[in-house]
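Presented below is the structure to which this report refers.
First listed ligand is number 1; within each ligand, the first listed atom is number 1. Heads up: numbering here begins at 1 and tracks the sequence.
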Amino acid sequence: MKKLLAQTSLYAHQYLESLAQQAVYPSPENIDALNALQSPLPEEPVDPMEVIAKLHHIGSPATVASAGGRYFGFVIGGVLPAALAANWLAGAWDQNAFNHVSSPSGAILENIALDWLVELLRLPEGCGAGFVTGATMANFSGILAARHALLQKQGWDVETQGLFGAPEIKVVVGEEVHASLLKALSLAGLGRERLIRVPVDDQGRMRPDAMPELTDTTLVCIQAGNVNTGTFDPANAIITKAHQQGAWVHVDGAFGLWALCDPKLDHLTMGFNQADSWATDAHKWLNVPYDSGIIFCQEPLHLKAAMATSASYLMYEESREPSHYTPELSRRARGIEVWAALHSLGRSGMVAMLEKHCEFARQFASGLEAAGYQVLNDVVLNQVLVSFGGAEKTLKVISDLQKSGVCWCGGSEWQGQTAMRISVSSWATTAEDVEQSLEAMLNIAGRET
Ligand SMILES: *Cc1c(COP(=O)(O)O)cnc(C)c1O
């Protein structure tokens, strides 16, 4: 075991060191080489050293270098050193975080991490929360808590009776709602098309003046951090109005919720902490390994009512049981890496990382604008949308940039315009990475006329 883990650690280190030189996206040859892993199922055992050597030599070159500093696609985030190391140790621990009996350390570390998160994000004290796979499941969990609370007020027990014959829940989302939220609504039996879409402004913010009539059976879903522009819905206005009518407000804050830790961003995030539930991803801006999402619920009882189970052989402690707050029973102890990430960064480290990313985004935007390209969004966070002039040219620049291997950005459509999307969210990104990537963008765009 010692030799195996030492060798694996060498491979991993070698891999991370190589990222600075390696193409950010694997070549077609390296991807094809993965075929070599597709042997018939071995009949006999194989030495683990041999298994891992094969995985490294064939697998590592075929990875997307999102752990490096020049991956700006989606909002992926890197992996902080402390979080990676904690992930290894947690792998060795092999804890089942389902309850206190299966893993006291898993449950306790999770509690500490949640307390820290609630404090860091300035969410209401006493929030309930659960560790899930990602923002899609966090959105799903928030919607289930809302569904419980809204129907309970109507005297309907949705957990036992289901939705057949239940009072209707009116669902209100912004025109810019994330696809994962629609998926979550459909999983929750509320339907992905049976909803009211509120028009948005030129940055993608819901227009409070265009909100429909809200009731005490309404679920309003707002966004902290639009995937294209990075913008935030006007939480104050919407939540105040919604709460006057007894509606539930859920926040999809997959990456944007992290901005709540930074008082300098209060102009964007003000009011968000008044919502009823919040979904976020630790695997995005907190830079922990995949997969790691979190659902917070202002009133823990609602989340617990939607999730709790009991069975004769399950013994529960008086204290918080992790599985009472998540769809899963058995699962990995995600709280360990979150704890390690927060411990290593501290509040100031987290704020500094976010601000650095916002600064890098502004540098990209000003560099592109100075060269005459059109930045389509107000760069208020870590997201930049740029058009290189026309859909065809923009798509060609994106494709050439991706092939160059210098950095990786994806494409998007923003209010009728084709754009390249730059998202800065990795701790590993340096000023040199930004400089080098910007240079590649400008060179490639300059070539295409
Ligand atoms: C990434 C993202 C999601 C989905 O998160 P997963 O972790 O992929 O499930 C939802 N909403 C927004 C705004 C996102 O950026």
**Request:** Check the side chains of T418 and E413 for a donor-acceptor pair under 3.5 angstrom, ignoring hydrogens and angles.
**Result:** yes
**Request:** Identify, chain by chain and in numerical order, each protein residue with a heavy atom under 4.0 Å from an atom of ligand 1.
**Result:** G134, A135, T136, H178, S180, G225, V227, D252, A254, F255, D281, H283, K284
**Request:** Would you list the pairs meeting salt bridge (charged side-chain N to carboxylate O under 4.0 Å, His left out) in which at least one residue belongs to residues 258-274, sequence neighbours left out?
**Result:** R122-D266, K264-E355
**Request:** Kindly state each residue pair satisfying salt bridge (charged side-chain N to carboxylate O under 4.0 Å, His left out) with at least one member in residues 230-252, sequence neighbours excluded.
**Result:** none
**Asked** Does a salt bridge link D201 with R207, judged by any charged N lying under 4.0 Å from a carboxylate O?
**Response** no
**Check ion pair E359-R362 (N to O, under 4.0 angstrom)** = yes
**Prompt:** If you look only at pairs with a residue in residues 83-95, which of them pass as a side chain to side chain donor-acceptor pair (under 3.5 Å), with sequence neighbours excluded?
**Reply:** N87-E337, Q95-S103, Q95-S105
